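Input: a single structure, listed below in structure tokens.
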Amino acid sequence: MALKDNLPRYVWMTRDGKDGDFVPTEQATVHVMTHALHYASSVFEGIRAYNTRRGTAVFRLKDHLRRLLDSAKIYRMDVPYTVDELAEITLELIRKNGHKACYIRPLIFRGFYELGVLPFNCPVEVAIMTWEWGRYLGEEAIEKGVDVMVSSWNRMRPNTMPAMAKATANYANGQLVKMEAHLYGFAEGIMLTSEGYVAEGSGENLFVIRDGVIYTPPLSQSILPGITRDSVVKLARHLGYEVVETAIPREMLYIADEVFFTGTAAEITPIRSIDKIPIGKGERGPITRHLQEEFFKIVNWEVEVPWEDWLTPVYGD
Ligand SMILES: Cc1ncc(COP(=O)(O)O)c(C=O)c1O
């Protein structure tokens, strides 16, 4: 369902850099001369709240908000809110909107004042939105896997745009990848670095499995430091798997036993073919399945979670 037909009641936002408030969603608008609209001067997060066995809970809320403030710092944005304050506001917004499960979108952007490229006189605005969002790569993707291609677009190289910042500007690159993949009939595109190593999908990190060992590109390969990536690395090691962060050549994708994406939106999504070459048996592999099962037990709070702070209850239950 289109978001415009399924709007939540409230958005939380600042105006002119002043204290933020909960406003009815239809009034949560910005001026067309907003700096961020012209120069992509904004950073954001994507977070999920799950309807768990123990009530609604947000997955790794403070880790996401920390990355948000890190992204803002890289872009020299002074944000007058702490991680703890933003966490409280987020929980209150979910309660006001009455969600059981939702996607959460905090956004920090340079607002409306003047339109030179130098952004310092424009106010730094903060907004938080929530909405209900299902499986990002399709309902069947989690079990059946997806068909993807290696994009003709590379991930931006270091010292062009900071890949560790989750900046909207990076998603100009991501959109080119996603549109190309979509128009060629694939669910997603995999970006290589300018040296030809595997980086990530337009909105996901990537893992490759061969002979029981799990490989994923390190931060030096221009990837976003994904929270789900970190969760899967910790979980896999906890389950006894060997996880190696290393540069991955393109052809390693084709001869892998299993490949999967991770991301807040994509969760853990198996990849069954790349450039029309079947991965392993061309279906979800056993290690991917094992990691998915354990991951979903955690986000649904069906087990004691070995890592403190991974789940934050929303309604105090
Ligand atoms: C480019 C990119 N890489 C990786 C990820 C996965 O990050 P996370 O697991 O924190 O959602 C995302 C999703 O936000 C992304 O947009």
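As the structure lists them, so they are numbered: ligands from 1, and atoms in each ligand from 1. Here, residue 1 is the first one in the sequence, and each next residue gets the next number. All values reported here derive from a predicted model rather than from experimental measurement.
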If the plane angle is over 60° it's perpendicular, under 30° parallel, otherwise tilted; pick one for Trp307 and Trp310.
-> parallel
Derivation of the salt bridge (charged side-chain N to carboxylate O under 4.0 Å, His left out) call for Arg67 and Asp230 = CA-CA 13 Å; Arg67 187 174 66 183; Asp230 177 71; over 6 Å; no
Begin with the C-alpha distance, continue with both residues' side-chain angles, and end with the deciding distance and a verdict on side chain to side chain contact (heavy atoms under 4.5 Å, CB included) for Phe295 and Thr228.
-> CA-CA 10 Å; Phe295 177 79; Thr228 322; 4.0 Å; yes
Note down each nitrogen or oxygen pair, ligand 1 side and protein side, whose separation is under 3.5 Å; give only atom names and the distance to 0.1 Å.
| unit_1 | atom_1 | unit_2 | atom_2 | d |
| --- | --- | --- | --- | --- |
| ligand 1 | 3 (N) | Glu200 | OE1 | 2.8 |
| ligand 1 | 9 (O) | Ile227 | N | 3.3 |
| ligand 1 | 9 (O) | Thr228 | N | 2.8 |
| ligand 1 | 9 (O) | Thr228 | OG1 | 2.5 |
| ligand 1 | 10 (O) | Arg67 | NH1 | 2.8 |
| ligand 1 | 10 (O) | Arg67 | NH2 | 3.0 |
| ligand 1 | 10 (O) | Ile227 | N | 2.7 |
| ligand 1 | 11 (O) | Thr264 | N | 2.9 |
| ligand 1 | 11 (O) | Thr264 | OG1 | 2.6 |
| ligand 1 | 14 (O) | Lys166 | NZ | 2.6 |
| ligand 1 | 16 (O) | Lys166 | NZ | 3.4 |
| ligand 1 | 16 (O) | Tyr171 | OH | 2.4 |

Between the side chain of Glu283 and the main-chain N/O of Gly145, is any donor-acceptor distance below 3.5 Å?
->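 Side chain of Glu283 to backbone of Gly145: no pair is present.
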side-chain contact (heavy atoms from CB on, under 4.5 Å) against Tyr113, all qualifying residues, sequence neighbours excluded = Asn121, Cys122, Pro123
Verdict with supporting geometry, Ser41 and Arg110, side chain to side chain donor-acceptor pair (under 3.5 Å) = CA-CA 6 Å; Ser41 43; Arg110 305 270 193 188; 5.3 Å; no
